[in-house]
Amino acid sequence: LDDLKETWMEWLVRAPSGELPQQFDETYVVDQEISGAQARLVVRSSPDTLAAFHERYGLDVEARCLNLEEMFPWLLMDERS
């Protein structure tokens, strides 16, 4: 269960310069809501994913693990694909 929790994350992304890309195309981004200089991303990550994302974009990221209720729909979708 702990491994599962560390795999599914929510990232709250902020752009210090005020601009974000219109879309994040990384394969580990499973959902995204972008509004101005902020975004909420649901990601299926590994330990090095956040570092690579930060290196590529230079954005501020606040990461938190999804709880079981939040990750359940993503697990079902993952199971079906």
Side-chain angles (χ1 to χ4, degrees):
L1 186 60
D2 287 338
D3 289 341
L4 191 60
K5 281 185 164 183
E6 291 177 10
T7 301
W8 291 93
M9 307 280 295
E10 176 186 66
W11 292 354
L12 301 177
V13 179
R14 292 179 185 82
S17 67
E19 293 197 29
L20 289 174
Q22 290 184 345
Q23 181 174 325
F24 294 98
D25 294 324
E26 286 72 15
T27 57
Y28 53 82
V29 177
V30 296
D31 190 40
Q32 53 190 298
E33 298 170 13
I34 301 171
S35 177
Q38 299 183 72
R40 178 189 167 274
L41 308 179
V42 175
V43 299
R44 186 170 186 185
S45 67
S46 63
D48 58 340
T49 306
L50 182 56
F53 182 86
H54 190 274
E55 184 177 318
R56 178 173 181 184
Y57 293 104
L59 302 171
D60 296 333
V61 180
E62 180 183 327
R64 74 169 187 86
C65 297
L66 296 180
N67 65 38
L68 221 45
E69 183 178 325
E70 292 169 319
M71 75 174 76
F72 187 71
W74 303 112
L75 293 172
L76 287 178
M77 289 173 65
D78 193 44
E79 184 76 20
R80 291 179 186 156
S81 46

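What's counted below: heavy atoms across the whole structure, side chains too, no hydrogens, waters or symmetry copies. Nothing here was measured: the structure is a model prediction, and the numbers come from that model.
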**OP:** Output the distance between atom CZ (Arg40) and atom CD (Glu62), rounded to the nearest 0.5 Å.
**Re:** 12.5 Å
**OP:** Can you measure from OH (Tyr28) to OG1 (Thr49) and round to the nearest 0.5 angstrom?
**Re:** 6.0 Å
Original post:
Nearest heavy-atom pair of Leu66 and Met9: which atoms, and what distance?
Top reply: CG-C, 4.0 Å
Original post:
Which heavy atom of Gly18 sits nearest a heavy atom of Ala37, and at what distance?
Top reply: O-CB, 3.5 Å
Original post:
If we only count heavy atoms from C-beta on, is the Glu26 to Arg56 side-chain gap below 4.5 Å?
Top reply: yes
Original post:
Is it the case that one hydrophobic cluster holds both Val30 and Met71, taking links as side-chain heavy atoms less than 4.5 Å apart, direct or via other members?
Top reply: yes
**OP:** State, yes or no, whether a side-chain contact exists between Val43 and Phe53 at a heavy-atom distance under 4.5 Å.
**Re:** no
**OP:** Report yes if some heavy atom in the side chain of Tyr57 is under 4.5 Å from a heavy atom in the side chain of Pro21; otherwise report no.
**Re:** yes
Original post:
Looking at residues at least two apart in the chain, or sitting in another chain, which of them share a salt bridge (Lys or Arg N to Asp or Glu O under 4.0 Å) with Arg64?
Top reply: Glu10, Glu70
**OP:** State whether the side chain of His54 and the backbone N or O of Leu59 hold a donor-acceptor pair below 3.5 Å, judged by distance alone.
**Re:** yes
Subject >> Non-neighbouring partners of Glu69 that pass salt bridge (Lys or Arg N to Asp or Glu O under 4.0 Å), sequence neighbours left out >> reply: none
Original post:
Where is the tightest heavy-atom contact between Gly36 and Leu20, given as atom of each residue plus distance?
Top reply: O-CD1, 3.7 Å
Original post:
Which atom names give the shortest non-hydrogen contact between Gln32 and Leu41, and what distance separates them?
Top reply: CB-CD2, 3.3 Å
**OP:** Kindly work out whether a path of hydrophobic side-chain contacts (I/L/V/M/F/W/Y, heavy atoms less than 4.5 Å apart) joins Leu68 to Trp8.
**Re:** yes
Original post:
Side chains of Leu50 and Ser45: does their closest heavy-atom pair fall under 4.5 Å?
Top reply: no
